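The next block holds one structure in the form of structure tokens; read it before the comments.
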Amino acid sequence: MAFLLHYLFITAIISAVSFLLHRSSRHRRLRLPPGNLGLPLVGETLQLIAAYKTENPEPFIDERVRRYGSIFTTHVFGEPTVFSAEPETNRFILQNEGKLFECSYPGSISNLLGKHSLLLMKGSLHKKMHSLTMSFANSSIIKDHLLVDIDRLIRLNLDSWTDRVFLMEEAKKARTKVAEALSLIVRERRKEYERGAKKNDMLAALLAGDDKFSDEQIVDFLVALLVAGYETTSTIMTLAVKFLTETPLALAQLKEEHEGIRAKKSESEALQWSDYKSMPFTQCVVNETLRVANIISGVFRRAMTDINIKGYTIPKGWRVFASFRAVHLDHNQFKDARTFNPWRWQSNSGISCPGHVFTPFGGGPRLCPGYELARVELSVFLHHLVTRFSWEPAEEDKLVFFPTTRTQKRYPINVRRRNRSFS
């Protein structure tokens, strides 16, 4: 028996070594992107995390781009990974979702997203749920149904502000409370559906679908959708205020634009779609905040087959990371890329930006379905903020980027209500 166990152990070792040697030999035959796999097992994960815990995480990518080029190999989160800091390659990765690449996030990130997150779905289920989400978050739905609620809820929230506000907290929702409320709604709506009542909204579509989702699955999906949307939107709201506070000329121009809109309306009159469409400088601020903040720094994918790109081969099974942040902060793509400058987006600035260079909402089949909703929410929030309040930072705060982009101290501000007389 001891001899048999010894034999099996030796055989397993020989097989493992043979497999590793074969794989290593195969990889040597392929022209892999240049790079460094770092230490055994951990690779360069510690360097990556250390960089993202600082105020300036760019050096991790900057140093490797200078050494190896805009496509390089590293080893992070337990796997060899090809990083792309090149817009055309990022576009190729995004456009070939489900053909050459599939969604693949490290376990630590997957746990944060939740098991029913749209980001983690694959294949036909993702296609169906993405399409469903898009159909209830497009500009027509926002214009005809959601804008009035967005305006009302933002007014309601701002009415409760006192002298000191922790802006990040004011912009967020509590997951547990949302889940409890949704559970009650789903149970009641299922009873109505079984009695023959029909409504035209996302919940009705989920209840009527062929997938036969349970109440728990529906609640989990909706909560994951809400958390994904509101977590990112609350962060971008906070950072927009921070960047504007640190750029007085931009804040002054934004105030002028919104005071002009508010001067034509009564105190209690809600914003209309025409008002939203008449905020050109606000959209410049939104674009620049999205570019500098990079709430979604990039996306992970896995190669479904050997893939040849830019003269290199990405082996089947390898993970790739398309870095939006690296492109957005590349001085070759944007002049003074690491400076907040909303005027760069004005139509008379002389700068044109290809769609695959500015990708704050991703792209391809996984384009964020709430991209227009996020822009509307931020625009309406900025409108009511600058026309109703003046503010100043309560204390110095800085950005941190791990595990997500946010302010270290929730960006506390001291606020004062303004006299809203614009005549």
Side-chain angles (χ1 to χ4, degrees), residues 55 150-151 153-155 157-158 161 165-173 228-259 261-262 271 275-276 278-297 324-325 328-329 334 336-346 358-361 368 370-394 396-401 404-415 418:
E55 287 187 77
I150 293 170
D151 188 273
L153 289 171
I154 288 176
R155 284 171 177 266
N157 188 274
L158 267 59
W161 281 16
V165 172
F166 288 91
L167 198 56
M168 183 71 78
E169 295 304 310
E170 290 295 326
K172 287 186 177 181
K173 289 191 170 186
Y230 280 96
E231 182 73 21
T232 53
T233 304
S234 63
T235 301
I236 209 70
M237 285 177 174
T238 302
L239 297 184
V241 175
K242 185 178 191 300
F243 296 150
L244 286 166
T245 305
E246 295 167 353
T247 316
L249 286 177
L251 179 57
Q253 187 166 335
L254 187 74
K255 285 180 179 178
E256 182 180 2
E257 179 168 275
H258 286 284
E259 287 172 356
I261 294 171
R262 183 46 57 185
L271 290 173
D275 298 318
Y276 169 65
S278 63
M279 301 176 179
F281 188 68
T282 304
Q283 299 315 308
C284 294
V285 170
V286 172
N287 280 346
E288 187 68 349
T289 303
L290 290 167
R291 185 190 69 81
V292 176
N294 288 283
I295 302 302
I296 306 299
S297 63
F324 306 150
R325 181 181 188 86
H328 291 168
L329 300 182
F334 298 94
D336 297 324
R338 294 171 192 184
T339 300
F340 180 80
N341 175 16
W343 295 278
R344 74 171 81 242
W345 297 97
Q346 290 183 327
F358 182 55
T359 54
F361 297 103
C368 174
Y371 70 93
E372 184 68 27
L373 182 61
R375 299 184 72 95
V376 172
E377 289 175 334
L378 179 53
S379 300
V380 174
F381 168 75
L382 289 175
H383 170 81
H384 288 296
L385 178 70
V386 301
T387 58
R388 299 176 67 178
F389 295 94
S390 59
W391 69 90
E392 60 186 15
E396 187 176 342
D397 202 355
K398 64 180 182 180
L399 296 183
V400 290
F401 301 91
T404 58
T405 303
R406 65 195 190 285
T407 58
Q408 189 177 50
K409 300 179 182 178
R410 300 173 294 164
Y411 200 60
I413 57 175
N414 294 324
V415 297
R418 300 182 61 200

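No experiment lies behind these values; they were computed from the predicted model shown.
- In E256, the CD atom is not crowded: 12 or fewer heavy atoms of neighbouring residues, nucleotides or ligands sit closer than 6.0 Å.
- Atom CG of L378 is separated from atom CD1 of I236 by 7.0 Å, given to the nearest 0.5 angstrom.
- A donor-acceptor distance shorter than 3.5 angstrom exists from the side chain of R338 to the backbone of L329, with no hydrogens or angles considered.
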When you look at F361 and I296, which way does the side chain to side chain contact (heavy atoms under 4.5 Å, CB included) test go after all the steps?
CA-CA 8 Å; F361 297 103; I296 306 299; over 6 Å; no

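- A distance-only check finds no donor-acceptor pair linking the side chain of R262 to the backbone of E257 [under 3.5 Å].
- Within the 3.5 Å criterion, the main-chain N or O of H328 finds a donor-acceptor partner in the side chain of R291.
- With values rounded to the nearest 0.5 angstrom, F281 atom CZ is found 9.5 Å from H258 atom NE2.
- Under the 3.5 Å distance criterion, with hydrogens and angles disregarded, no donor-acceptor pair is assigned to the side chains of W345 and N341.
- For D397 (side chain) and Y411 (main-chain N/O), a donor-acceptor pair under 3.5 Å exists by modelled atom type.
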Decide yes or no on side chain to side chain contact (heavy atoms under 4.5 Å, CB included) for W391 and L385, but give the supporting numbers first.
CA-CA 9 Å; W391 69 90; L385 178 70; 3.8 Å; yes

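- Closest of all the heavy-atom pairs between P342 and C284 is O-CB, 3.2 Å.
- Judged purely by atom type and a 3.5 angstrom limit, D151 uses its side chain to pair as donor or acceptor with the backbone of L271.
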May I have the step-by-step check of side chain to side chain contact (heavy atoms under 4.5 Å, CB included) for H383 and I261, ending in yes or no?
CA-CA 9 Å; H383 170 81; I261 294 171; 4.1 Å; yes

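- Judged purely by atom type and a 3.5 angstrom limit, S297 has no side-chain atom pairing as donor or acceptor with the backbone of N294.
- Proximity of a side-chain donor or acceptor of R344 to a complementary backbone N or O of D336 within less than 3.5 Å is detected.
- Atom OG1 of T387 is separated from atom CD of E259 by 7.5 Å, given to the nearest 0.5 angstrom.
- In this structure, a donor-acceptor pair under 3.5 Å is present between the side chains of Q283 and S379.
- In this structure, CG in L244 is found 11.0 Å from CG in L239, a value given to the nearest 0.5 Å.
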Between V415 and S390, does the side chain to side chain contact (heavy atoms under 4.5 Å, CB included) criterion hold? Intermediate values first, please.
CA-CA 6 Å; V415 297; S390 59; over 6 Å; no

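- Q253 and W343 share a side-chain donor-acceptor pair at under 3.5 Å.
- Interatomic distance, CG of L153 versus CD of E377, reported as 9.5 Å (0.5 Å rounding).
- Between the CG atom in L249 and the CG atom in L254 there is a gap of 12.5 Å [rounded to 0.5 Å].
- When each of V376, V241, T233 is paired with F381, the side-chain contact (heavy atoms from CB on, under 4.5 Å) condition holds for V241 and for no other.
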